[in-house]
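See below for the structure under consideration.
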Amino acid sequence: MSESSRFGLGRVTELDRKLAATEIEHGRSTGAYDGGEAARRLARVRLATTQAALRAAVAGAGPAAPPALEAAPRIAGTLWAFVSVANFVVWLLIGLIGGQWDPSWLVWVVLGGGVLAVGVWGVRDWDRRMRVIP
């Protein structure tokens with residue numbers, strides 16, 4: 001039976017909950033997880049009001065993201081802000097001392113770093129979406 005049609009369509013019924021509880025008990029008996037994890041999953045099954053919540057309770061939360069991937073957007077954003085501020089200060093000093101105001105130099109560094117920081121953020125969010133249990 002396919003993953004999407006394992007539980008009925010529409011509202012979560014008692015039959016859906018019993019089927020999910022049976023799958024969880026089977027997983028516990030085969031050693032897929034211990035009694036505490038089975039109890040947490042059964043509690044999530046009892047509280048499930050949507051089919052997605054019911055499927056998530058049976059399938060679990062999925063693998064956790066690597067800590068480096070979770071921290072990468074914050075690091076990239078901080079690094080981008082630091083480099084942009086330092087670049088602005090250098091640009092300002094060159095303009096004040098030498099009289100050469102080249103705005104394209106400032107824009108390329110700030111926008112280029114911003115695009116890279118947004119790209120890192122997007123990769124982290126894409127990874128989060130891919131880890132969601134269907």
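In this chain, numbering begins with 1 at the start of the sequence shown.
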Pairwise distance CG(L96) to CG(L92) - rounded to 0.5 angstrom: 4.5 Å
Can you find a pair of side-chain heavy atoms, one from V90 and one from L93, that are under 4.5 Å apart? no
Give the minimum heavy-atom separation between G35 and R28, together with the two atoms involved. CA-CD, 4.0 Å
Co-membership, hydrophobic cluster, residues L47 and L42, 4.5 Å side-chain: no
Would you say the side chain of E37 lies within less than 4.5 Å of the side chain of I24, judging by non-hydrogen atoms? no
Enumerate, atom names and distances included, each donor-acceptor pair closer than 3.5 Å involving a side-chain atom of residues 105-124, sequence neighbours excluded.
residue, atom, partner, partner atom, Å
W121, NE1, D125, OD2, 3.2

Please examine the side chains of S29 and H26, heavy atoms only from C-beta on, and report whether any two atoms are closer than 4.5 Å. yes
Which distance, rounded to the nearest 0.5 Å, do you find between the NZ of K18 and the OG1 of T13? 9.5 Å
OG1/T22 to CZ/R17 distance, rounded to the nearest 0.5 angstrom? 13.5 Å
Distance, nearest 0.5 Å, that separates CG of N87 from CZ of F82: 11.5 Å
Taking all non-hydrogen atoms of both residues, which atom of Y33 and which atom of E23 are closest, and how far apart? OH-O, 4.1 Å
Restricting to non-hydrogen atoms, name the atom on A57 and the atom on R41 that form the minimum distance, rounded to 0.1 Å. O-CG, 3.4 Å
